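Working notes, beginning with the structure itself.
Every heavy atom of this structure was used, including side-chain atoms; hydrogens, water molecules and symmetry mates were not. Just so you know, these numbers come straight off a predicted model, no measurement behind them.
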Amino acid sequence: MSINADRIVIEQCPHMVVNRDYVSILEDRGLLDFDRLYHFQDGTAVKQIQDRGVLSMGIRSGDENRIFFLKRHVAVRPGLWDMIGGFCCGKSLSPGRSEFENICDFRKKGIPTVVPVAAGERKIGCGRYESFLLTESFKPYISFEEIIYKHPERLQGPEGTRRKSVLITAIAHLARQMHDAGFNHRDFNATHVLVGPEDAGGNFALALFDLQRMDRKKWLRPKWFIKIMAELGYTMPAPLFNDQDRLLLFQSYKGSARMGMLEQLQLKWIRQKVNRIGKHTDQIKKRRQQEAVISDKNKT
C-alpha cells in the first residue's frame, strides 16, 4: 500500500532526487535521468492544462505492473513568496521539487501522504524552471470527493450517518494535526483528502495529496482555521451534508462543543466565506462556458 507517514531516504541524481526505495525500479527502466523521465510518453494523460500535465504510467517491478503518476511543470517562473522561501529557507524554486519537499516534511511530522518517488528541477531560462514530481498510485484509497459524488449511498441512512460522522471527525483531526505541525494545505478540501477502506471497527485511515500549494507563514495561522473550515464546508454539499455536519467539523477541529461568543463569530465568518467561495466558483464556471461558446463559434 502506497499511503503512509514513513520518512523518506533521498538519493541524489543529476537534476533529480529519488526515494531510495524506488532507485532500482527506475534504474531498471533507465529512468534515473531527468530528460528520460520528464519526457516519458508511454502512459495515459490524466490532466493537461497550460503550465502542467499529469500522466499515468505503468512500470514493471518483478511480476507486478505498478502504477505511477508523473506531474510535469513547463517553464514555470517562481512567485515572490517562493523566491523568498528559497532565499531564506533553502527551499526549491520549482513546483515539482517543492511539492516533493512538502511531502517529505509532512511525513517528518507523522502526517500520512502519497509516496513521493522522485522529483526533478532544471533551470531553462531567466527565472524559469521545468520540473516534475513522480508519485505512486494511492489505490485502494479514494478521495472524499469521489465518495460524495460517486458513492453517496455510503453516507446515507442510519449506518451511513454514523459513517459520515466518523469521516467528518477524522478529517477535522487531520486538519488540526497539520496546523499544529506548522503547515497549511492551501487546497484542503474534499478533493485532496484521501480515504482508506473502512476497517473492522468502522474507522478510516486518511491521507493528503497534491501538496504543491503550501503555507508555512505562521503569522497567518488564525486565518488557516477559517479558510479550511470554509473550503471543506463548501465541498460538503447539501442535501448530503447539513449545518449539523458542518458544526461537527468545526467542533471536532476545536476539540470542544463549547459555543461562546468567539465561536459564534468564527462560524459566521466561515459561512460568509463559504458564500464567497460559491459566488467566485459560479463566476469561473460562467466565464469558462462563455469561452467555450466563443471557441465553438470560431471553429465554425
Side-chain angles (χ1 to χ4, degrees), residues 1-8 21 46 54 56 58 64-69 102-103 106-117 135-181 183-185 187-211 225 228-257 274:
M1 186 178 293
S2 60
I3 296 283
N4 55 62
D6 297 342
R7 292 195 177 203
I8 304 300
D21 293 338
V46 176
V54 179
S56 173
E64 183 182 7
N65 188 47
R66 297 167 70 170
I67 304 300
F68 297 82
F69 291 99
N102 287 338
I103 294 173
F106 265 52
R107 284 163 170 261
K108 289 176 184 176
K109 297 294 186 178
I111 304 172
T113 70
V114 294
V115 173
V117 176
T135 58
E136 189 164 12
S137 169
F138 46 71
K139 287 184 177 180
Y141 281 63
I142 62 174
S143 72
F144 188 38
E145 180 182 55
E146 185 173 343
I147 293 175
I148 292 170
Y149 289 102
K150 294 186 178 180
H151 307 284
E153 71 283 352
R154 295 178 60 183
L155 306 179
Q156 295 170 332
E159 179 59 22
T161 299
R162 180 207 64 80
R163 185 178 291 121
K164 181 170 62 172
S165 296
V166 170
L167 271 172
I168 289 171
T169 302
I171 290 169
H173 290 167
L174 179 62
R176 181 61 183 264
Q177 179 189 6
M178 178 185 68
H179 286 169
D180 286 346
F183 307 128
N184 183 49
H185 190 318
D187 291 310
F188 194 113
N189 51 46
T191 304
H192 298 130
V193 174
L194 295 174
V195 181
E198 188 172 5
D199 66 19
N203 297 308
F204 298 88
L206 302 180
L208 290 171
F209 80 114
D210 202 356
L211 303 183
F225 165 65
I228 275 193
M229 289 294 106
E231 288 183 345
L232 281 168
Y234 178 75
T235 56
M236 291 166 50
L240 192 59
F241 298 90
N242 56 34
D243 286 342
Q244 284 302 116
D245 295 323
R246 283 177 273 275
L247 181 61
L248 175 62
L249 181 73
F250 180 96
Q251 293 176 329
S252 297
Y253 178 100
K254 289 275 191 176
S256 171
V274 169

Sequence-distant partners of D21, side chain to side chain contact (heavy atoms under 4.5 Å, CB included), two or more places apart: N19
Listed partners of D180 passing side-chain hydrogen bond (donor to acceptor under 3.5 Å, both in side chains), at least two apart: R176, R221
The reported gap from OG1 in T169 to NZ in K164 (rounded to nearest 0.5 angstrom) is 11.5 Å
Using the test salt bridge (charged side-chain N to carboxylate O under 4.0 Å, His left out), find all partners of K108 that sit at least two apart in sequence or belong to another chain. D105
Could you check if a side-chain atom of V114 sits within less than 4.5 angstrom of a side-chain atom of L194, using non-hydrogen atoms only? yes
I would like to know whether R66 and S137 meet side chain to side chain donor-acceptor pair (under 3.5 Å); could you show each step before the answer? CA-CA 8 Å; R66 297 167 70 170; S137 169; over 6 Å; no
For F204 and G196, work out which heavy atoms get closest and say how close. CD2-O, 3.3 Å
Name the atoms and distances for all side-chain donor-acceptor pairs under 3.5 Å in residues 231-243, with sequence neighbours left out.
unit_1	atom_1	unit_2	atom_2	d
E231	OE1	F188	N	3.3
E231	OE2	K227	NZ	2.4
T235	OG1	A190	N	3.2
T235	OG1	E231	O	3.0
T235	OG1	L232	O	3.1
N242	OD1	Q244	N	3.0
N242	OD1	D245	N	2.9

For N184, the side-chain hydrogen bond (donor to acceptor under 3.5 Å, both in side chains) test, sequence neighbours excluded, returns H179
Closest heavy-atom contact between P116 and R107? CD-NE, 3.9 Å
According to side-chain hydrogen bond (donor to acceptor under 3.5 Å, both in side chains), who are the partners of Q251, at least two apart in sequence or on a separate chain? none
Which pair of non-hydrogen atoms, one from Y141 and one from A205, has the smallest distance, and what is that distance? OH-CB, 3.2 Å
Taking only residues two or more places apart in sequence or in another chain, which ones pass side chain to side chain contact (heavy atoms under 4.5 Å, CB included) with N65? R60, I67
Looking at side-chain heavy atoms only, is the closest gap between D187 and D210 below 4.5 Å? no
In terms of heavy-atom contacts, H185 and F209 come closest through NE2-O, 3.1 Å
Between L208 and the options L174, N102, I103, the side-chain contact (heavy atoms from CB on, under 4.5 Å) test singles out L174
Name all pairs fulfilling the salt bridge (charged side-chain N to carboxylate O under 4.0 Å, His left out) condition that reach into residues 232-242, sequence neighbours left out, sorted by first residue then second. none
Got a sec, which residues hit side chain to side chain contact (heavy atoms under 4.5 Å, CB included) with A181, two or more places apart in sequence or on another chain? K109, I111, F183
Taking only residues two or more places apart in sequence or in another chain, which ones pass side-chain hydrogen bond (donor to acceptor under 3.5 Å, both in side chains) with R154? none
Show the atom names and distances, to 0.1 Å, of all donor-acceptor pairs under 3.5 Å that link a side chain in residues 142-152 to residues at least two apart or in another chain.
unit_1	atom_1	unit_2	atom_2	d
S143	OG	E146	N	3.0
E145	OE1	T191	OG1	3.4
E145	OE2	T191	OG1	3.2

Within a strict 4.5 Å, meaning less than it, do heavy atoms of the L167 and L206 side chains meet? yes
Applying salt bridge (charged side-chain N to carboxylate O under 4.0 Å, His left out), can you list everything that pairs with R163, at least two apart in sequence or on another chain? E159, E198
Note: P112 and G110 closest approach over all heavy atoms is CD-O, 3.6 Å
Is there a ring pair (Phe, Tyr, Trp, His ring centres under 6.0 Å) between F225 and F250? Walk through the geometry before answering. CA-CA 9 Å; F225 165 65; F250 180 96; 5.4 Å; yes
